[in-house]
Amino acid sequence: MTGPARPGPAGDVAARADAGFLHRYGEPPAGRWAAPGRANLIGEHTDYNDGFVLPFALPLRTVVAAAPQDGLRWTVWSELSDSPVEFGADEVAAPGRVSGWGAYVAGVVWALRDAGHDVPGARLAIASDVPVGSGLSSSAALEAAVLAALVDLGGVDLPAERRPRLAQRAENAYVGVPTGIMDQSAVIRCRPSHALFLDCRTESVEHIPFDLAAAGLAVLVVDSRAPHRHAGGEYASRRASCDQAAKLLGLAALRDVPAAGLDEALALLHDDETRRRVRHVVTENQRVLDTVELLRAGRIRDIGPLLTASHASMRDDFEITVPEIDTAVEAALAAGAYGARMTGGGFGGCVLALVDADRADAASATVTTAYAAHNFPAPNFHLSTANTHP
């Protein structure tokens with residue numbers, strides 16, 4: 001496919017979840033709950049440095065159809081797996097007792113119970129349009145949808161602003177993935193036609209106008225289909241490097257290095273690699289702040305150079321891009337994109353490009369041609385105008 005893959009009717013994934021529940025359990029669900037995938041407009045690897053991020057929700061979603069089940073047992077079926085996962089209270093008593101994709105569901109149960117909430121047994125069926133492993137927060141969407149289902153089924157009093165931290169704890173402490181707070185915040189708290197300006201230290205949010213459709217724009221999301229190369233270990237390495245740099249500078253986090261004081265901070269570090277990691281985080285935080293100011297002024301097209309500068313910083317200073325990603329960015333820019341950058345943790349995943357809506361097909365064709373020239377597998381595309389999400 002050369003053109004961007006636009007989402008199907010809103011009911012498609014919900015219907016699949018309902019059908020899966022009926023097929024698996026022999027009766028309709030009590031209800032269904034959804035959470036969207038997300039793309040991060042700008043602000044990469046700043047979240048665990050107590051910095052700033054600016055994600056927005058995508059018109060792709062994960063849907064959980066669910067119903068109560070007697071006793072403290074949970075049965076989970078997913079359209080992406082042949083075998084359901086079943087576990088009881090003993091298996092969720094401590095992290096590590098449920099593995100694989102089921103750990104994300106068990107982690108939510110564990111986090112709720114560990115926080116003192118009564119969680120009912122449940123049967124769940126999962127369907128999703130959020131591509132797995134693409135950097136669009138498929139795991140956070142799953143956690144958020146499961147969390148919403150269990151909270152409602154159990155009548156748990158858990159306001160929306162407290163849910164991201166609990167979902168993050170499920171992923172950090174139970175699954176063992178050291179993500180920051182951005183993904184869970186985005187899939188739970190984003191609004192249509194807005195980007196979510198999140199201060200990852202205070203968890204305060206501001207909904208920034210981002211109505212692409214009204215401006216005749218779109219974000220073309222390119223799923224690079226690049227295999228994630230050492231993503232887990234490299235992600236952890238980048239995080240450890242940032243933590244160590246903050247300690248060397250006597251700071252709580254790299255968020256505390258102001259852009260105006262960057263050169264002074266770098267002079268205190270004696271390792272070039274560490275200096276480059278710090279430079280990325282500090283300049284990326286400033287790029288988020290600059291992007292927010294432009295969006296507040298309604299100047300969406302003008303954020304393009306900031307997106308492209310963000311990519312260069314990830315490529316050269318943070319060293320988290322791969323050839324497929326760089327090729328997609330270069331091709332999108334050659335096709336007339338206002339700006340383009342990798343989004344997500346890196347070493348694979350997706351690129352987003354800010355384009356005129358009527359040029360999205362041409363941009364996707366240019367990227368596909370560039371991939372073919374490099375003998376890369378053909379990429380997939382999604383188109384977002386940020387004006388609606390599930």
Min side-chain heavy-atom separation [X]-[Y] under 4.5 Å:
| X | Y | value |
| --- | --- | --- |
| Met342 | Cys350 | no |
| Met314 | Ile325 | no |
| Arg113 | Leu72 | yes |
| Leu295 | Ile300 | yes |
| Leu307 | Leu41 | yes |
| Phe197 | Val288 | yes |
| Thr343 | Ile42 | no |
| Gln168 | Met182 | no |

Report yes or no: does [X] contribute a side-chain atom to a donor-acceptor pair with the main-chain N or O of [Y] at less than 3.5 Å?
| X | Y | answer |
| --- | --- | --- |
| Thr369 | Ala365 | yes |
| Arg32 | Ala17 | no |
| Glu44 | Gly344 | yes |
| Arg163 | Leu158 | yes |
| Asp223 | Pro131 | no |
| Asn40 | Gly43 | yes |
| Ser364 | Asp361 | yes |
| Ser237 | Gly233 | no |
| His194 | Pro192 | yes |

- How about Asp70: does its CG atom have over 12 heavy atoms from other parts shown lying under 6.0 Å from it?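 Open.
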- Got more than 12 heavy atoms from elsewhere within 6.0 Å of CD, Glu264? no
List the atom pairs, with distances to 0.1 Å, where a side-chain N or O of residues 145-157 and a protein N or O form a donor-acceptor pair under 3.5 Å, not counting sequence neighbours.
from	atom 1	to	atom 2	distance (Å)
Asp152	OD2	Trp33	NE1	2.7

- Message: With no hydrogens and no angle check, just 3.5 Å: does a side-chain donor-acceptor pair link Ser139 and Asp183?
- Response: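 Their side chains do not contain a donor-acceptor pair, so the 3.5 Å distance test is not met.
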- Could you note down all residue pairs passing salt bridge (charged side-chain N to carboxylate O under 4.0 Å, His left out) where residues 296-307 supplies at least one of them, sequence neighbours left out?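 Residue pairs passing salt bridge (charged side-chain N to carboxylate O under 4.0 Å, His left out), neighbours aside: Glu206-Arg296, Glu293-Arg296, Arg299-Asp302, Arg301-Asp356.
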- Query: Hey, what's the ring geometry for His45 with His280, parallel, tilted or perpendicular (30° and 60° as the breaks)?
  - Reply: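 The rings of His45 and His280 stand perpendicular, inter-plane angle above 60°.
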For a quick test of your reading: what N or O donor-acceptor pairs under 3.5 Å do the side chains of residues 242-260 make, sequence neighbours left out?
from	atom 1	to	atom 2	distance (Å)
Arg255	NH1	Asp50	O	2.7
Arg255	NH1	Asp199	OD1	2.8
Arg255	NH2	Asp199	OD2	3.1
Asp256	OD1	Arg201	NH1	2.8
Asp256	OD1	Arg201	NH2	3.4
Asp256	OD2	Arg201	NH2	2.9
Asp256	OD2	Ala253	N	3.4

- Message: Can you tell whether the side chains of Glu284 and Arg341 come within less than 4.0 Å, N to carboxylate O?
- Response: yes
- Determine, stepwise, if the pair Val278 / Asp317 fulfils side chain to side chain contact (heavy atoms under 4.5 Å, CB included). CA-CA 8 Å; Val278 171; Asp317 280 346; over 6 Å; no
- Testing Ser137, Ser185, Ser138 for side-chain hydrogen bond (donor to acceptor under 3.5 Å, both in side chains) with Arg38, which one passes? Ser137
- Item | Tyr371-His374 aromatic ring centre distance below 6.0 Å |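 Judged by ring-centre distance (under 6.0 Å), Tyr371 and His374 do not meet the cut-off.
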